[in-house]
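Order of the sequence lines sets the chain letters (A, B, ...), proteins ahead of strands, with each chain counted from 1.
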Protein chains: 2
Amino acid sequence: MKDKKALFIVLDGIGGRPTDSERKTCLQKAETPNLDKLSEEGISGMLHPLGRGVVPGSDTSHLALFGYDPKEVYDGRGVFEASGIGMDVEEGDVCFRTNFATMNENHVLQDRRAGRIQEGQEKLTREIEEMKLDYDVEFQFRASTEHRGALVLKGENLSGNITDTDPHETNIKLTPARAEDKGGAAKRTAQIANQITERSYEILKDAYYNVQRKEDGKMPANVLLLRGAAQKRELEDFKEKYGIEGAAVAGGALYLGVAREIGLEAEKPEGATGGQNTDLENKIEKTVEKLQQNDFVFLHIKGMDNAGHDGKAEEKTDFIEKVDEAIGKLKDKIDWDGTHLCLTGDHSTPPSAEGHTSDPVPIIYCGEAVRKDKVKKFDEISCADGGLGHMEGQDVLKTLFGYNNWLDKYGS
Amino acid sequence: MKDKKALFIVLDGIGGRPTDSERKTCLQKAETPNLDKLSEEGISGMLHPLGRGVVPGSDTSHLALFGYDPKEVYDGRGVFEASGIGMDVEEGDVCFRTNFATMNENHVLQDRRAGRIQEGQEKLTREIEEMKLDYDVEFQFRASTEHRGALVLKGENLSGNITDTDPHETNIKLTPARAEDKGGAAKRTAQIANQITERSYEILKDAYYNVQRKEDGKMPANVLLLRGAAQKRELEDFKEKYGIEGAAVAGGALYLGVAREIGLEAEKPEGATGGQNTDLENKIEKTVEKLQQNDFVFLHIKGMDNAGHDGKAEEKTDFIEKVDEAIGKLKDKIDWDGTHLCLTGDHSTPPSAEGHTSDPVPIIYCGEAVRKDKVKKFDEISCADGGLGHMEGQDVLKTLFGYNNWLDKYGS
């Protein structure tokens, strides 16, 4: 273990756009005395995670924040999702995110989330596991929360270069997966994906559990949609890259998965959901605990993003205030003697856009080595006045580790 | 058509340097209530069109502002000038800007602009069109304003990699064009260019029109100088690149040409001259009209640059005030519900430098999705305090289109 600590907090979707006649963002409107205090004690700036004018995905942005170039290492979300729910993914495996969904006998999709199914997923899983395929390939399936899950294909001659069996719209027929390159592996993998989706319907449509769901007036979970295909490749190990060991605390599968794939020890604390109902207290406790055992800890908090996607500005503002309170508690529990903190977001999710945008997010660094600038408020306008200027994602951890004197000199 | 609009205004040469003991630039000295209001309502920053410490040309800067990398796509101004005056330029053609000039019988250049010839260019054009060449190549020539024009070579084995037949100085002998690479096409094209300049003198020196000019005490327009050789190559279509259709409103041939070459519908409104005598009212009207018919409109206003080149600080300040008034009228005519605006310059043209400099130019974005920062004045110092920080040219339109939610997400 090193003699210093580095804490990296990502508030997912923290950035916004003007929400009302005052032209203030949710973050500007929220009362955030603790975040403001960090801003006042440290140095502030603005972060364009993937550069200006690029709308970051959650996966690509986190790769960049950890110092990896998504253009070099990213080809889809499936691997991170499978890894994030604890599946064993090996080099060459092709992974998908999956949805339990509802389709009718004409193969028309009725609900992409099977009425946001809340229970019985283990029964459906056992049915899926019984599925026989006409191809020489093994598969593993695991359900996670609600309709969500992941599926891993293991075998030779596979490719992640295929489109989804999920049409991403309802009231239309399912779209078969297609190869996105001319190689035989992509063609074969698309055929396998299509067979899995077709056979899932054969297996699930008359499953006893679905008969029950229909009797209860619920939508049957009668088909498994596959999306976000990606082939596992080894990412440079975080410890090799930076020479330090680290841990991750998150509720969302994707973030646990990205952390695991780069070699961080990733843990989902009790009650962490990746939503606004997450147990922030437990996440803070776990972060403090991990910080005692590691040089570097990554804490991910997601709820702002969900509120933004749902277009709910007030909910976003409220959740930011809850997070502020939790950060205040965390701040009091940190041994600041030798600890440096970076706190930022992975992208903006303005409720008015109901999705990610390319607007930059505020970023702050705190700790004894950090120059104190004049900024006293943590928001999208105040931080633009800060001593950091405008940064990009791949510089974030290098800057944090620099404060801990963990960087090698280039030159002499 | 999209459900939003994007307006992009370039004030050519808007940036400056201190002009007097107050150390204020022309833009700082000018009264610009309307530009200041836009700045107050939106977000501000500074733009280095081609990066710090690079003096932008008008052509290279506009390519960058439209999101094209000049290092990849630029090899000379000729194509844009020819296209800008409506000539039909096809892939492989080599284009030149031309000057009617005055030379004596010893081939010594006396005036690069034939005394800024104002009339009779069509007579000279008919003479030029009669020219016979010893090479298997076709050419087209068109005069535009005053001494200006363009010439297009069409045929096999041509190259844009040659120097000018214009020595760019008077009282010296004409310099023959030379190949800038070792290929046969460049050598041949240089020979053709030299023959055109030589034969233009043979044809024009005794032309009746020039005899008249001499009798009237004017300098004869007796030679055609060629410069800015460039070979036409297909640029990625703007619509393909961004997925939106657009139009351009400009007076200067170069700007119309750049717009046309990237696939924008380019129009020169009645009375638009590319100078300080331009009809700003008509340009504003045309911009409003085009904005109704297109997703994206580019408006170019040139007069600041001309005053800067001429070293006339007061004229520059005065024209900036005229432009401010016109922008005020335009502002009132825009349906701001769903419109985002970017207003900036393509480079600085300080009267003290009588040319372009690498000093950055102010940039502002306005519209409902734009975060409101604290800047309340549009000038080279105030905007440096803004929420945008320092940007480069190729990020300008991506940022504008981001506000309209026109960008695809990278990742998931």
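- Using a 4.5 Å cut-off between heavy atoms, B:D395 contacts chain A through its side chain alone, with no backbone atom that close.
- For a residue to count as touching a neighbouring chain, one of its non-hydrogen atoms must lie under 4.5 Å from one of that chain's; by this rule A:P56 touches chain B with the backbone only.
- A:T357 touches chain B through its side chain: at least one heavy atom from C-beta onward sits under 4.5 Å away, while N, CA, C and O do not.
- With a 4.5 angstrom heavy-atom cutoff, A:R52 touches chain B via backbone and side-chain atoms both.
- Between the side chain of A:R17 and the backbone N or O of B:E368, no donor-acceptor pair lies under 3.5 Å.
- Remark: A:R178 CZ is loosely packed, at most 12 non-hydrogen atoms of other residues, nucleotides or ligands lying under 6.0 Å away.
- Other residues, nucleotides and ligands contribute more than 12 heavy atoms inside 6.0 Å of the NZ atom of B:K372.
- Closest approach of B:G402 and A:S358 over heavy atoms only: CA-OG, 4.0 Å.
- Annotation: A:Q394, atom CD; neighbour count of heavy atoms from other residues, nucleotides and ligands within 6.0 Å is above 12.
- The most heavy-atom pairs under 4.5 Å with chain B, out of A:S382, A:P70, A:C383, come from A:P70.
- Of all non-hydrogen atoms in A:P18 and B:A369, the two that sit nearest each other are CD-O, 3.6 Å.
- Proximity to chain A (any heavy atom under 4.5 Å) is shown, for B:E392, by neither the backbone nor the side chain.
- For B:K2, the NZ atom is densely surrounded, since the number of other residues' heavy atoms within 6.0 Å is greater than 12.
- Annotation for B:K37: atom NZ does not count as buried by contact number, only 12 or fewer foreign heavy atoms lying within 6.0 Å.
- Counting heavy-atom pairs under 4.5 Å between each of A:M46, A:E380, A:K24, A:R23 and chain B puts A:R23 at the top.
- Side-chain contact between B:R371 and A:I381 is present, with heavy atoms from C-beta onward closer than 4.5 Å.
- Contact record, B:Y410 with A:L50: CD2-CD1, 3.7 Å, taken as the closest heavy-atom pair.
- Two residues are said to be in side-chain contact when any heavy atoms from C-beta on lie closer than 4.5 Å; A:D359 and B:Y403 meet this criterion.
- Side-chain contact between B:S412 and A:Y74 is present, with at least one heavy-atom pair separated by less than 4.5 Å.
- The two atoms that bring B:D408 and A:V55 nearest to each other are O-CB, 3.8 Å, heavy atoms only.
- In this structure, NZ in B:K409 is found 11.5 Å from OG in A:S61, a value given to the nearest 0.5 Å.
- Listed in order of number, the residues of residues 332-350 of chain B that approach chain A to under 4.5 Å between heavy atoms amount to none.
- For A:E180, the CD atom counts as densely surrounded, since its 6.0 Å shell holds more than 12 non-hydrogen atoms of other residues, nucleotides or ligands.
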